[in-house]
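As structure tokens, the structure follows; a few thoughts come after it.
These numbers come from a predicted model, not from an experiment.
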Amino acid sequence: MTVEDRDMETETETVCPGNTAGRFAAGEDPAKRDQILAGAWRVFKLKGFDAASMNDITREAGVSKGTIYVYFSNKEDLFAALVDHHRQEFATSMRNILAGTEEVRKGLEQFGKAFANKMICSDMIPAMRSVIGVIDRMPKLAQRFFIAAPNNVRTVLQDFIEHHVALGHLKVDDVELAARQFIELSTGTFFKLRLFGEIDGPVPEEELDRVIGSAIKVFMAAYGTDKA
């Protein structure tokens, strides 16, 4: 039995809770998919999109070429899945941070600090750099990264703003614009500095407090009500 045969055999024998057959269908094992994505991300970070090959990814992920093509049709498809993964992961973490926050200023502070720290200390910026590197040839991929969807971080903030508009804490005519404005006010400077390599470590807490505190004051001056 070849390595590829063994890998494909493993693919169909993984136990799946709730599946009476005890197996995943080909291409539907989430652990295997995550394994491939993790290996692919390490390769893309090291080599960039153009220099990375499916053979490189196969070796790094520890799967056979046959298995990788069960999950992803080509390198572009795999890269797009990585973009979706990073966007969804980021949005989910931000939604969890805002969940149950009923005080506007506190929620904005938590959002701003978490957003800034995620940009600076995670793979978010390397992911964006990879997208920017192929934007001329793959414009739809870049649009996919920033698309306004339920799993986009901007729409997470929009939901928070809309909630507080309904409670009478905020008065906002254009919620999307307001969300964009707060993101730029609170994290725009940190984003640009990190994107271009001027920041290579955590921002001092006092600087985060200064910038985000000022952003909240400006935002509330524009949109706050007496009930806030």
Grab the two heavy atoms, one from [X] and one from [Y], that are nearest each other, plus how far apart they are.
X    : Y    : value
A40  : L82  : CB-CD1, 4.0 Å
T58  : S64  : CG2-C, 3.7 Å
K75  : F49  : NZ-O, 2.8 Å
L208 : A116 : CD2-CB, 3.6 Å
F219 : A178 : CE1-O, 3.5 Å
N74  : M54  : C-CE, 4.0 Å

So do the side chains of [X] and [Y] get within less than 4.5 Å of each other, counting heavy atoms only?
X    : Y    : value
Q181 : Y223 : yes
L37  : R33  : yes
K227 : L167 : no
I212 : F111 : no
R95  : D159 : yes
F90  : F115 : yes
I97  : V156 : no
Q110 : F160 : no

I'd like to know if the side chain of [X] and the backbone of [Y] have a donor-acceptor N/O pair within less than 3.5 Å.
X    : Y    : answer
D56  : A52  : no
K113 : E205 : no
Y71  : D29  : yes
T225 : G168 : yes

Next item on the list: Walk me through it: do R210 and E206 pass the test salt bridge (Lys or Arg N to Asp or Glu O under 4.0 Å)?
Entry: CA-CA 6 Å; R210 185 178 74 88; E206 59 270 21; over 6 Å; no
Notebook entry, point to check: Can you list the steps and then say if E176 with R180 is a salt bridge (Lys or Arg N to Asp or Glu O under 4.0 Å)?
Noted result: CA-CA 6 Å; E176 181 186 7; R180 289 178 183 273; 3.1 Å; yes
Next item on the list: Could you please spell out the steps behind the side chain to side chain contact (heavy atoms under 4.5 Å, CB included) verdict for T67 and Q35?
Entry: CA-CA 11 Å; T67 293; Q35 178 183 340; over 6 Å; no
Notebook entry, point to check: Is the number of heavy atoms from other residues, nucleotides or ligands within 6.0 Å of CG (D173) greater than 12?
Noted result: no
Note to self: Quick check on K45: does its NZ atom have over 12 non-hydrogen neighbours (other residues, nucleotides or ligands) under 6.0 Å away?
What the structure shows: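 For K45, atom NZ is crowded (more than 12 foreign heavy atoms under 6.0 Å).
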Check: Is the closest side-chain donor-acceptor distance between H163 and E102 under 3.5 Å?
Finding: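 Note: H163 and E102 side chains meet the donor-acceptor criterion.
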Notebook entry, point to check: Who passes side-chain hydrogen bond (donor to acceptor under 3.5 Å, both in side chains) against N96, sequence neighbours left out?
Noted result: none
Between atom [atom1] of [X] and atom [atom2] of [Y], what is the distance when rounded to the nearest 0.5 Å?
X    : Y    : atom1 : atom2 : answer
F182 : I216 : CZ    : CD1   : 5.0 Å
L46  : W41  : CG    : CH2   : 11.5 Å
I161 : L108 : CD1   : CG    : 7.0 Å
T187 : K192 : OG1   : NZ    : 8.5 Å
H164 : E103 : NE2   : CD    : 8.0 Å

Notebook entry, point to check: Could you go step by step and tell me if R42 and I57 meet the side chain to side chain contact (heavy atoms under 4.5 Å, CB included) rule?
Noted result: CA-CA 8 Å; R42 292 192 294 270; I57 295 168; over 6 Å; no
Next item on the list: Using the rule that two of Ile, Leu, Val, Met, Phe, Trp, Tyr join whenever any of their side-chain heavy atoms come within less than 4.5 Å, decide whether L185 and L157 are in one cluster.
Entry: no
Next item on the list: Decide yes or no on side chain to side chain contact (heavy atoms under 4.5 Å, CB included) for R137 and E76, but give the supporting numbers first.
Entry: CA-CA 11 Å; R137 290 182 288 108; E76 290 77 8; 5.9 Å; no
Notebook entry, point to check: Listed by chain and number, what are the side-chain contact (heavy atoms from CB on, under 4.5 Å) partners of V211, not counting sequence neighbours?
Noted result: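 F190, E207.
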